[in-house]
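A quick note: this is a predicted structure, and the numbers were derived from the prediction, not measured. Counting starts at 1 for both ligands and their atoms, in listed order.
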Amino acid sequence: MLKDDVLKLISRENDYISGETISHKLGVSRAAVNSAVKALREEGFEIVSSTNKGYLLTNSPDTLSKGSIAALLPDTRDKDLYVYGSVTSTNTVLKDLSSNGAPSGTVVIADHQTGGKGRRGRSFVSPSGAGIYLSYLFKPESGFDKISDLTSWTAVAVADAIKNSYGLDSQIKWVNDLLINRKKICGILTEVSVEGESGFIDTCIIGIGINVNEAASDFPPEVSGVATSISIENGGEKFSRCKLASEVILSMDKLKENWPDSSYYLERYRELNITAGSKVTAFPLMIENGQGRTGTAVGINDDFSLKVRFDDGSVQDLKNGEVSVRGLYGYT
Ligand code: BTN
């Protein structure tokens with residue numbers, strides 16, 4: 001949309017940019033530029049105009065818009081970037097785009113999800129104006145056995161993006177929850193389709209939900225003991241979602257380029273992981289009687305699996321499933 005392109009140009013300038021320059025760069029009329037500026041002002045962007053100098057952006061609302069995010073990315077990175085107000089689930093929207101031929105690296109972002117999906121059939125609380133709901137399409141040309149590596153790599157990529165955006169540290173709970181102050185600020189849900197014949201991964205939809213500016217009242221009682229937001233953990237300070245969204249895209253692009261060389265991701269995963277050394281209850285994908293098994297997490301293996309010494313003395317490497325970690329999420 002033209003207003004996104006106009007916003008991208010004026011966001012990148014520290015000084016006035018003339019209407020003529022904008023219309024020349026975008027190949028549109030001055031009148032079209034004027035209407036785009038009018039539409040942006042109606043959305044809350046404060047744009048000063050001066051007859052001789054042109055336009056100057058003086059203040060932006062914290063709206064997740066394609067223009068504001070694109071302004072923070074390399075020039076052509078907004079090509080496969082889709083930003084929406086409200087969707088059911090960004091994973092579902094991206095799945096449709098993927099089946100219509102969207103390339104690896106395509107990104108869908110929404111301000112709000114009406115049917116945000118969590119792991120194991122749970123829902124993911126996705127209020128408007130507060131979080132980032134982002135799905136990244138990756139076609140890794142790998143065997144299915146590598147898939148849990150990918151979700152761990154993603155946890156590292158998002159932790160790096162948070163550090164680069166706000167200078168804040170986060171930790172990882174195996175397999176891929178991100179925590180601040182031992183409460184969850186980000187969940188990752190990777191949905192995969194595999195080619196039956198070769199067993200190779202056809203597409204991965206990597207869904208990332210980050211709680212950025214939520215207040216405690218945004219979380220319903222059933223998740224309030226587990227979830228928090230970056231803002232809550234920093235005294236109510238508000239953070240730019242566009243900045244973090246752009247850094248997540250850059251971090252995920254880097255992940256795509258590095259795949260499958262895991263050296264950086266493994267080292268960083270071990271550094272950020274707080275599961276190893278803790279008492280855990282493991283819930284593998286196939287559990288009997290709904291009961292988990294208790295033990296102690298010993299460490300992270302080279303394939304990102306979790307080595308657990310169970311209370312009966314047996315040792316197992318968990319490649320998937322979930323663990324409850326004593327001392328986290330109300331588990332005592
Ligand atoms: C979890 O912690 O259970 C995983 C949560 C994943 C949430 C994200 S938000 C973006 C993407 N779209 C979805 O519907 N889910 C993922």
Q) Do you know which of Val107, Ile210, Ile162 makes side chain to side chain contact (heavy atoms under 4.5 Å, CB included) with Val248? A) Ile210

Q) Out of curiosity, does Leu64 fall in the hydrophobic cluster containing Phe124 (side-chain heavy atoms, cut-off under 4.5 Å, transitive links)? A) no

(Q) Hydrophobic clustering (ILVMFWY, side-chain heavy atoms < 4.5 Å, transitive) - are Leu272 and Ile185 grouped together? (A) yes

Q. side-chain hydrogen bond (donor to acceptor under 3.5 Å, both in side chains): which pairs involve residues 209-226, sequence neighbours left out?
A. Asp62-Asn213

Q. Does NZ or CZ of Lys256 come closer than 6.0 Å to the centre of the six-membered ring of Tyr136, within 45° of the ring's axis?
A. no

**Q.** Rounded distance (nearest 0.5 Å) linking atom CG of Asp160 with atom CD of Glu247
**A.** 10.0 Å

Quick check for students: name every N or O atom pair between ligand 1 and the protein closer than 3.5 Å, with distances.
unit_1	atom_1	unit_2	atom_2	d
ligand 1	2 (O)	Lys184	NZ	2.5
ligand 1	3 (O)	Arg119	N	2.7
ligand 1	12 (N)	Thr90	OG1	3.1
ligand 1	12 (N)	Gln113	OE1	3.0
ligand 1	14 (O)	Ser89	OG	2.8
ligand 1	14 (O)	Gln113	OE1	3.4
ligand 1	14 (O)	Lys117	N	2.6
ligand 1	15 (N)	Lys117	O	2.7

